[in-house]
Colleague: 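There's a structure below that I have some questions on.
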Amino acid sequence: MKIREECGIFGVISKRRADSGNIVFAGLISQQHRGQESAGISAFKDGKIITHKGQGLVTAVFDSETLDKFNGADKAIGHVRYSTKGNNGFVNAQPITTSHKKATFALAHNGNIVNADKIRDKLENEYGVVFNTSNNCEAVILLIINEMIKGNDFITALRNVVSKIEGAYSMALMTEDYLIAVRDRVGFRPLCMGRTEDSIMVASESCALDSVDAQFIRDIEPGEIVIIDNGLNIRSIKDTRKAPKGLCSFEYIYFARQDSVIDGRSVYEMRKAMGKYLALQNPVEADLICGVPDSGLEGAKGYAEQSKIPYGSAFVLNRYIGRSFIYPTQKAREKAVRLKLNPLRAAVEDKRIVLVDDSIVRGTTCAKIISELRSAGAKEIHMRITAPLFKYSCYFGTDIDKPEGLIANRMSVEEIRKHIGADSLDFLSIENLLKISGEADPGFCVGCFSGKYPIDLDISDC
Ligand code: SF4
């Protein structure tokens, strides 16, 4: 089992009418790893928002006919979702749109607003607002409208709302006049901006900009609202309140695609550096360094480079089994590991192997993989994990909210080693995770490893 990211977002604004649907479609496909349960696109066309969304992968939700409906739209935003807050039903699929006499707009969101429940209570109790979804961003939409009813224009209303919401949010909003990107002041989730000759795009990850041949402009800064108008003029508003920087370190460890660059750091290079630090931290004699596909591979390369032990493959990955397939029972899930990863006997037989993976959540998948490698003849298996011990809940847009299910919360490293059946086991230390950027303060959230979060979770006001 892996910790899972909540969502990915993409938005485009063009100087002229464009095939916005196809542009967002490409941006979403390249961010499919950020959410596989639902996908959606909303576009502004002839003064109205048109939306298509559904459950499943991007390619299952959209075909050429549905994408053709967006032709001629100069603005569009899209979303891929893995549900953490709210159920995974169609009603919670994004973008969420509203057509109010004060404003017609659409919103797509990645993260988790930690005071959303308090905001919902307040809106329900004081204003009699009725919610249609259990989705965080419906509260944001209704707060914006509430601010506009008080006489504020859209941008002022959005600024006021941003000062009331706390937690992790990277958002793309689309009005008739603007494409807007918003990143929370801690900067938990990534958000960046790129351009082509006649369009500007915003995306969770830079790999999505590459997919539409956009040139990377820059990351949206923590606490920044970027407003792009129909003439492609860019305006930036900064949150002047002080806040610690806290990009989710799991973006580098596992969530993001290795060809993305987040806050100026290559995910690929960061993963390799994690492997290198693991090799320095706890060297071991071995014949072969292998990674668990896909997100353990770069760490294994870094470990191999540092240790000078050969790098090789230990498994064949069946690429036709997606991350999204849900197996109903634990037994079925364990069987599925074998369907997805088959050990390469010719490579591992009689070898002492260092096996690098990105995390251990419950330990069942890891135990299964090690047992498969032993059956294929591996002599020793030294497990190395590119994340520190994952002990605490995450409140910022992932699916881990109960620490009881985390193996590191109830077992020591030695107990985990025995449980998974490895000859040795080591996790990257928090200190080394913080060192890999080479900066004195990399501005990472390490809350699920240390129990110390960048923001106070007891937020009483909204
Ligand atoms: S608590 Fe962990 S998973 Fe959650 S944002 Fe922080 S580093 Fe990421």
Side-chain angles (χ1 to χ4, degrees), residues 5-7 9 35 37-38 40 42 49 51 53 77 79 81-152 154 156-175 180 182-186 188-189 223 225 239 241 243 393-402 453-462:
E5 171 67 84
E6 194 177 36
C7 305
I9 58 178
E37 286 183 358
S38 68
S42 294
I49 294 181
T51 296
K53 51 190 178 180
I77 62 171
H79 190 262
R81 178 167 198 261
Y82 169 72
S83 63
T84 60
K85 195 82 182 166
N87 65 42
N88 63 0
F90 174 72
V91 75
N92 282 311
Q94 297 185 39
I96 303 255
T97 60
T98 187
S99 190
H100 188 272
K101 65 179 180 181
K102 289 286 178 188
T104 296
F105 63 103
L107 188 153
H109 165 242
N110 171 211
N112 182 44
I113 295 168
V114 293
N115 60 343
D117 289 345
K118 284 182 176 140
I119 290 168
R120 291 171 77 96
D121 279 354
K122 191 167 176 169
L123 288 170
E124 279 174 339
N125 295 336
E126 292 181 20
Y127 301 97
V129 165
V130 176
F131 285 89
N132 294 312
T133 72
S134 54
N135 203 312
N136 265 202
C137 56
E138 196 183 4
V140 176
I141 284 183
L142 292 169
L143 275 179
I144 293 172
I145 289 172
N146 211 28
E147 286 291 324
M148 293 188 79
I149 289 170
K150 291 179 195 162
N152 293 309
F154 189 86
T156 310
L158 177 62
R159 283 184 79 168
N160 291 348
V161 169
V162 163
S163 71
K164 291 178 182 170
I165 56 178
E166 277 293 358
Y169 53 88
S170 283
M171 297 190 279
L173 295 96
M174 173 185 69
T175 71
I180 302 168
V182 185
R183 192 171 176 198
D184 69 76
R185 63 199 177 117
V186 173
F188 281 105
R189 300 284 151 223
I225 302 174
D239 192 330
R241 293 172 297 164
S393 302
C394 172
Y395 305 92
F396 310 113
T398 69
D399 65 342
I400 302 293
D401 58 359
K402 290 194 178 65
Y453 302 94
I455 60 168
D456 184 0
L457 295 168
D458 184 25
I459 296 150
S460 54
D461 204 7
C462 56

Colleague: How long is the span from the CD1 atom in Ile113 to the CD1 atom in Ile165, to the nearest 0.5 Å?
Modeller: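 Spacing of CD1 (Ile113) from CD1 (Ile165) equals 4.0 Å.
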Colleague: Restricting to pairs with a member in residues 107-135, which pass ring pair (Phe, Tyr, Trp, His ring centres under 6.0 Å), not counting sequence neighbours?
Modeller: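 For residues 107-135, and leaving out neighbouring residues, there are no ring pair (Phe, Tyr, Trp, His ring centres under 6.0 Å) pairs at all.
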Colleague: CG/Asn146 to CD1/Ile119 distance, rounded to the nearest 0.5 angstrom?
Modeller: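 Output value for this atom pair is 11.0 Å.
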Colleague: Could you measure the distance from the CD1 atom of Ile96 to the CD1 atom of Ile77? Nearest 0.5 Å is fine.
Modeller: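 Going from the CD1 atom of Ile96 to the CD1 atom of Ile77 covers 10.0 Å.
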Colleague: Hey, does the side chain of Asn110 reach the backbone of Ser170 with a donor-acceptor pair shorter than 3.5 angstrom?
Modeller: no
Colleague: Keeping the roles fixed (side chain from Gln94, backbone from Arg81), state whether a donor-acceptor pair exists under 3.5 Å.
Modeller: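 Between the backbone of Arg81 and the side chain of Gln94 there is no qualifying donor-acceptor contact (under 3.5 Å).
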Colleague: Could you go through Phe154 and Leu173, starting from their C-alpha distance and side-chain angles, then the distance that decides it, and tell me whether this counts as side-chain contact (heavy atoms from CB on, under 4.5 Å)?
Modeller: CA-CA 11 Å; Phe154 189 86; Leu173 295 96; 4.0 Å; yes
Colleague: Could you report the tightest heavy-atom contact between Ala157 and Met148, atom names first, then the distance?
Modeller: CB-CG, 3.6 Å
Colleague: Under the 3.5 angstrom rule, does the side chain of Asn115 hit a backbone N or O of Lys164 as a donor-acceptor pair?
Modeller: yes
Colleague: For Lys150, give me all partners under salt bridge (charged side-chain N to carboxylate O under 4.0 Å, His left out), at least two apart in sequence or on another chain.
Modeller: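 Expected list: Glu147.
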Colleague: Could you pull out the closest heavy-atom pair between Arg120 and Ala139, with the gap in Å?
Modeller: CG-CB, 4.1 Å
Colleague: What are the two closest non-hydrogen atoms of Arg189 and Ala168, and how far apart are they?
Modeller: CG-CB, 4.4 Å
Colleague: How many angstroms lie between CG in Asn152 and NZ in Lys102, if you round to the nearest 0.5 Å?
Modeller: 10.0 Å
Colleague: Looking only at heavy atoms, what is the nearest atom pair of Val161 and Val140, with distance?
Modeller: CG1-CG1, 4.1 Å
Colleague: Restricting to side-chain hydrogen bond (donor to acceptor under 3.5 Å, both in side chains), what partner residues turn up for Thr51, sequence neighbours left out?
Modeller: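 Only Ser42 meet the side-chain hydrogen bond (donor to acceptor under 3.5 Å, both in side chains) criterion with Thr51.
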Colleague: For Phe188 and Gly167, work out which heavy atoms get closest and say how close.
Modeller: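 For Phe188 and Gly167, the tightest heavy-atom pair comes out as CD1-O, 3.7 Å.
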Colleague: Any side-chain heavy atom of Phe396 sitting closer than 4.5 Å to one from Ile455?
Modeller: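 They are in side-chain contact.
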Colleague: Tell me the closest heavy-atom pair linking Ala108 and His79, and the distance in Å.
Modeller: CB-CD2, 3.9 Å
Colleague: In Å and rounded to the nearest 0.5 Å, what is the CD1 to CD1 distance from Ile144 to Ile149?
Modeller: 12.0 Å
Colleague: With rounding to the nearest 0.5 Å, note down the distance linking OH in Tyr169 to CG in Leu107.
Modeller: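 Tyr169 OH to Leu107 CG: 11.5 Å, rounded to 0.5 Å.
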